[in-house]
Amino acid sequence: MKKKVCYIKQYFHFYVLYIIKVVHASIIGMNEKELAIRCGRGDNVARKVLYERYAGQLMAMCLRYFTDRESAKDILHDVFIRIFNTIDGFEFRGDGSLKAWLNKVAFSVIAKQLKADSQNMEVNVSDWEQIEEYVEEESVQDIPQKVLMNFIRELPNQMRLVFSLYVFEEKSHKEIGDILGITDRTSSSALSRAKALLMEKIKNYRLKINH
Amino acid sequence: MKHDQWLNDLRKRMEDYSEPVPADLWSELEEELNHQDHPRVVPFWRRWQTVAAAVVLVAAFSSLWFIPQSSSDSSQMTADIPQIKQNVEELESSPSVSSLEKTFPTKEQVSLAVQSSHTKVRIKPSVVAQQLPIQLKDEDKNVFIITEAKDEGESEALMTEEKDEETSNKEKTSVVEQKPVRKDYPSSQTQPSSFHPSKNKKGWEIDLCTGGGQMESGIANNYSYLVSPIMYSKVSKDYNSQSEAVYYDLNAGGSNIGYPGDAYYSAASINNQVNVSNVEYKHKTPITIGMSVRLFLDKNWALETGLMYTQLSSDLQSKSNSYFKQEQTLHYVGIPLKLNRTLWENKRFDIYASAGGAVEKSVSGKIQTIISNKNDNSIENSVDLDIDRLQWSVNGGVGAQLHLTDKFGAYIEPGINYYFDDGTNVETIRKEHPLNLNLRLGLRLSLDR
């Protein structure tokens, strides 16, 4: 009888812990691992949570490559469809792995579109010659993110694409060349020019606000 | 990003950058996902779950109709009256006991007329007669239920018919009379009281002796009575065996208690008021349990229906007469139809608001009357209560539901109800406070999410 009581006590503890966990989860919200699992099962509630958590960042990513908001929205739509359709294959590997995976999926959708678009893109290399290649580095820490983003968006089309792919997606020039249909030399050249342009913009901005 | 610290810094700086997303994107996504997940979207009225739910509802409804009905509707009553009239006439004209006996309606006849009331009586030794007021049925007819007392011996129920008597109550002796105090009670003093000791009529008595179960029928001098076809009561007057006759007589004028030594024949008239004067009702809070099905119309709105069971329980205590107490229990089964709106949702809970109506039917009911006398003897009697009418109500409330599984949930829903008058005279908390609070608990199946 004593043993039985012991078991009951144990089960009771488990039960209490379970209840606490459930309440905690319902208050705090799902963690990444659970989110991924439930989305994989097609749980609409989890899907919505995932969307709400990551749509903003993924939208920002899309906007880097597609400055027109409508196009960016379409791309984002495709991104999420792909996410929800393939998330059941995702394996959680620690903090941040979900985000990394989401970025990867988003990138593949974006790259596909960029490749398709690059057929039609014209590169006006002549404009680039005017930009100095070496520039003094400016600090970015005090500039608002939004401002920086706008500077990047203001870059000429291909420069922007190259810059973004290199800096944010950490692609090599060769890879960039594949996506955009340019040589890796063009890519590297575009990068340094983009960097120079950005520096200038930052400098001008700082001068403006300091007045 | 080799060797370029600045670019690295920039990347890190922009890592969590977020842009506003167009508001309609999610709903577009959701729609597309739904189309993917459920390629063949069957309208909800065709899904098997809806069919099953409909079958359950139909079964529930039809079972309500098949529950033994109270057959004490007027037509039946009046059909029996001619027969009874005849008996009474014979009664009057033939004083001899034996012929009287022949005029008594047989048990079968009695039971035919009394079809609806399955009476059970427990008599404690020394207790004899009882007559109980019950309120039944649709119109303002108040019918007494008179029980068929069964002792070890025999008993018999008699029926005679109401007579219009002009004799007053004054001729009664040692009767405690109370004045009616319930003003809202439809009082018609048109009919004379049910109690008419009138000297020159012939009546009879049935003697239920505790002693040996003998049946004596003799002719009592004084009394005649008014009786409803359905019920009747008999009284004993056996002074010799020290039995105490306790009875309770209700008439238009008041409620009376007879004490030992009185030989009263009491009866009730179908047209008479049940005058439960000076009675205090204590209604207990009803609780409803139910099983319900919720069909989602769109993301937040849902239609809910199901089955629910409610128990209404009340205590009646006669204030003027502490010897009289009744406990009334009614069981209702009902079908609600409501609209739900989800207010807040979580993976574990959701909170919702709900409004709608319900129809309920009493499936069984019971009034248990306890009469005790000075000497602590008591009679108990249970009478079944059949209410034919449906109870309609409207209600609204908020609820919380715990999701047990994907489709099942347990809910608790406090709410406000308004009950429409069901047209009966049964007094429940719903009559006294048509607008009231109640608590619903149950399980819910959510479909079409």
Side-chain angles (χ1 to χ4, degrees), chain A residues 22-23 25-27 29-30 34 38 41-49 51-52 54-64 69-70 72-74 76-77 80-81 83-85 99 137-141 143 145-146 148-149 152 163-164 166-172 191-192 194-195 198-199, chain B residues 1-39 41 296 298-300 302 342-352 400-407 409-410 446-449:
Chain A
V22 165
V23 172
S26 64
I27 296 171
M30 285 182 254
E34 185 160 6
R38 284 179 53 158
R41 281 197 224 126
D43 181 340
N44 276 323
V45 174
R47 280 174 173 170
K48 182 149 195 233
V49 172
Y51 173 84
E52 280 167 356
Y54 295 104
Q57 293 171 37
L58 293 173
M59 182 62 170
M61 184 178 172
C62 294
L63 279 169
R64 287 202 281 265
R69 280 198 176 251
E70 272 303 308
K73 178 189 169 189
D74 290 340
L76 188 62
H77 177 105
F80 269 106
I81 295 290
I83 286 173
F84 291 135
N85 284 336
K99 178 149 197 254
E137 284 186 359
E138 301 269 350
S139 164
V140 294
Q141 296 311 321
I143 315 272
Q145 283 178 323
K146 204 163 178 198
L148 288 170
M149 200 59 215
I152 294 171
F163 184 83
S164 300
Y166 189 88
V167 174
F168 300 110
E169 268 46 73
E170 303 186 73
K171 298 293 169 194
S172 70
L191 177 70
S192 42
K195 187 174 167 188
L198 272 178
M199 298 294 185
Chain B
M1 198 83 60
K2 306 145 208 163
H3 315 303
D4 195 330
Q5 194 53 43
W6 189 83
L7 291 174
N8 267 329
D9 289 344
L10 181 62
R11 180 172 55 82
K12 285 202 187 96
R13 178 98 176 84
M14 301 297 287
E15 206 157 42
D16 59 348
Y17 180 64
S18 167
E19 289 255 0
V21 186
D24 53 352
L25 180 58
W26 172 249
S27 43
E28 287 173 16
L29 272 172
E30 206 177 8
E31 210 181 301
E32 188 168 333
L33 287 167
N34 270 334
H35 278 125
Q36 281 182 11
D37 293 345
H38 311 285
V41 180
F296 275 90
D298 68 22
K299 218 170 81 64
N300 285 321
T342 309
L343 300 173
W344 179 78
E345 194 175 358
N346 190 297
K347 67 164 182 158
R348 282 287 162 189
F349 301 102
D350 66 85
I351 310 252
Y352 59 91
Q401 175 165 311
L402 176 70
H403 302 144
L404 299 172
T405 80
D406 223 7
K407 294 218 181 314
S446 296
L447 300 176
D448 246 359
R449 278 215 82 152

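Bear in mind the structure is a predicted one, so any value in this text is a computation, not a measurement.
By the side chain to side chain contact (heavy atoms under 4.5 Å, CB included) test, B:Val21 is found to be paired with A:Tyr51, A:Ala55, A:Met59, A:Leu76, B:Leu25, residues two or more places apart in sequence or in another chain being considered.
With rounding to the nearest 0.5 angstrom, the CG atom of A:Asn85 is 4.5 Å from the CD atom of B:Gln36. Note that CZ of A:Arg47 is 7.0 Å distant from CH2 of B:Trp26, once rounded to the nearest 0.5 Å. With rounding to the nearest 0.5 angstrom, the NZ atom of A:Lys195 is 5.0 Å from the CG atom of B:Leu7. With rounding to the nearest 0.5 angstrom, the NZ atom of A:Lys48 is 11.5 Å from the CG atom of B:Leu29. Put simply, CE on A:Met61 and OG on B:Ser18 are 13.5 Å apart, with the number rounded to the nearest 0.5 Å. Here the CZ-OH distance, from B:Arg11 to A:Tyr166, works out to 11.0 Å after rounding to the nearest 0.5 Å.
Counting only heavy atoms from C-beta outward, the side chains of A:Asn44 and B:Asn34 approach each other to under 4.5 Å.
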Test side chain to side chain contact (heavy atoms under 4.5 Å, CB included) on B:Leu10 and A:Phe163 and set out the steps.
CA-CA 11 Å; B:Leu10 181 62; A:Phe163 184 83; 3.4 Å; yes
Determine, stepwise, if the pair B:Tyr17 / A:Met149 fulfils side chain to side chain contact (heavy atoms under 4.5 Å, CB included).
CA-CA 9 Å; B:Tyr17 180 64; A:Met149 200 59 215; 3.4 Å; yes
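Here the closest non-hydrogen pair linking B:Asp16 and A:Gln57 is O-CG, 4.1 Å.
One finds a salt bridge joining A:Arg69 and B:Glu19 here, because a Lys/Arg side-chain nitrogen approaches an Asp/Glu carboxylate oxygen to under 4.0 Å. Between B:Asp24 and A:Lys73, at least one side-chain N (NZ, or NE/NH1/NH2) sits under 4.0 Å from a carboxylate O, which counts as a salt bridge.
Only the side chain of A:Leu198 comes within contact range of chain B, with at least one heavy atom under 4.5 Å from a heavy atom of that chain. If you measure heavy-atom distances from A:Ile81 to chain B, the contacts under 4.5 Å come from both the backbone and the side chain. Residue A:Tyr54: no heavy atom, backbone or side chain, is found under 4.5 Å from chain B.
Judged purely by distance below 3.5 Å, without hydrogens or angles, the side chains of B:Asp9 and A:Gln141 never pair a donor atom with an acceptor atom.
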